[in-house]
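The block underneath contains the structure these notes are about, expressed in structure tokens.
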Amino acid sequence: YGKECGLITAIIMLLPLVGLTAGQFIASAVILSTMLNIDYQVAVVIVAVVVTAYSIMGGLWSVTLTDFVQVFLIVIGMIIAIPFALNYAGGWSSVTANIEPGTLSMFKGYDVFGIISLVVMYTATFSVGQEAVSRFYAAKDEKAAKGGAWLAAHIWKHYRYTMDQAFLDRMMPVLEECVLFFRDFMIEDHGEMIVCPSVSPENTYYQADGTTGSACAGCTMDTGILRDIFHAYLEGNKILGKKASQEDWVRETLDKLPLYKIGKYGQLLEWREDYEEWELGHRHFSHLYPLFPANQINEYENPELVKACEKSLERRMEFGGGHTGWSCAWLINLYARLRNGDKAEEYIDYLLNQLTAPNMFDLHPPLERISGIPWVFQIDGNFGGTCGIAQMLLQSHLDEIFLLPALPKNWQEGSITGICAEGGFEVDMTWEKGRFSHGWLFSKHGEKAVLRCREELEISKDGIKVSVIRDEKERYVFDTEKDA
């Protein structure tokens, strides 16, 4: 094990005499992962353990627990930021595109890595006192506080696609722990239950005195994620026939979550207050989480908020938003949810022509604040862009299978096979002259099907017409058989 010991020694020597930095921590984990051919998450834990040991023993450079917590939070925040949003959940391209192992590999890490990171993030942060909290937010590691909930939200999404109750049963303790954490973490402010302190990821606002700020008491993304988690917790236990130990608190808190509001420009508010933004063309669209990847803002329940989301996008794009590969992929998905296929296609073209390398790798432009950094590969745009295309062709987040919800005018003819929908369905379909032509629906679990299509449908099985009910939304509702 000489090489491994030498490598670990080299990693430790990367830590500067003045204390840890996030970049060196991350670099150490990357080197360890590459050289030993182990998972990056495992490498992060190994480096964290080494640093913790030196901290406890008053190591060579007197690294304090506060230093360690700050850096560990930054690392965890980077792991669960945009890559998870677009690659696994915000995107969910692997599940929609019928590549199930892509998401299962993520959930395997919840059992060990997730427990370690949650303990450190949610216990150590406050055990070391206010200094760590201040340094944590000064470093703008805004994902960590909401990160556990964001990751846990994917559990419910995976269940909705697979209808796998054994998986749901195995993962319910994660949802339970997530709820328990927020029961401790949330505060009540003016009758509303909020996450505090918090940040809307990487965005900055102007305060009344003209200075800028990032930290806030609750933000729209927090509310969206918590609504998803709380509903998943209640529905998951109901499906499994279990008594939810925190049911009363969750229902009470759901009623006290802030309502989504419209700002002075007609936009969806990102914070609880109608702040002026410091960067009008910001690359993130975190406050649109309730529209995508969630389903809380939609044309059925709150069409006025759908218009507010559209206005938010207009303002961001007017001032230069969407200038990174992953941000552009995010736009494709958002415009697909807004049923604007032509706009989604516009950003597919931009992603491919301006933000994609010849080998099809997604690109992030050079960072102005760090000289010498070239265009770099980020797979987020690849997976997120793939998901956006799937969203343009089929959506199932509203307990319905919407066929061709955002088909661009330029896509006059085409077909797709094996695309998945929530409820355990697969769809093959063909369109001609910009209209749905014909298709097949495969039901894995025999769930009731609810189809939505702009064209009139005739539904049959083995040549025999199926009994169909047209509901109040003019959707086609009918029973299905398992594996048929």
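Hydrogens, waters and symmetry mates are skipped; everything else that's a heavy atom, side chains included, is used. Count residues from 1 along the sequence. The model shown is predicted, which means the values in this text are computed figures rather than measured ones.
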Cation over ring face, [X] and [Y], 6.0 Å, 45°:
X	Y	result
R337	F292	no
K473	Y300	yes
R227	Y260	yes
R315	Y265	yes

TODO: Using only heavy-atom distances, determine whether the side chains of Y233 and E176 contain a donor-acceptor pair under 3.5 Å.
DONE: yes
TODO: Please check if any side-chain donor atom of N203 sits under 3.5 Å from a side-chain acceptor atom of E277, or the reverse.
DONE: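 E277 and N203 do have a side-chain donor-acceptor pair below 3.5 Å.
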Open item on the list: The test is salt bridge (Lys or Arg N to Asp or Glu O under 4.0 Å); show your working for D274 and K261 and say whether it passes.
Closed with: CA-CA 9 Å; D274 198 354; K261 298 176 183 177; over 6 Å; no
Task: Close side-chain approach of W156 to D228, heavy-atom, < 4.5 Å - done: no
Open item on the list: How close do N237 and A244 get, counting heavy atoms only, and between which atoms?
Closed with: ND2-CB, 3.6 Å
TODO: Check whether more than 12 heavy atoms from other residues, nucleotides or ligands sit under 6.0 Å from atom CD of E474, and answer yes or no.
DONE: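 Buried by this count: over 12 neighbours within 6.0 Å.
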Task: Atom NZ of K482 with >12 non-hydrogen neighbours under 6.0 angstrom - done: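 No, NZ of K482 has 12 or fewer neighbouring heavy atoms, counting only those of other groups under 6.0 Å.
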Task: Check: W278 ring centroid to Y205 ring centroid under 6.0 Å - done: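 No - the distance between ring centres of W278 and Y205 does not fall below the 6.0 Å cut-off.
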Task: Trace of the ring-ring contact (aromatic ring centres under 6.0 Å, His included) decision for F230 with W249 - done: CA-CA 10 Å; F230 292 159; W249 180 84; 5.7 Å; yes
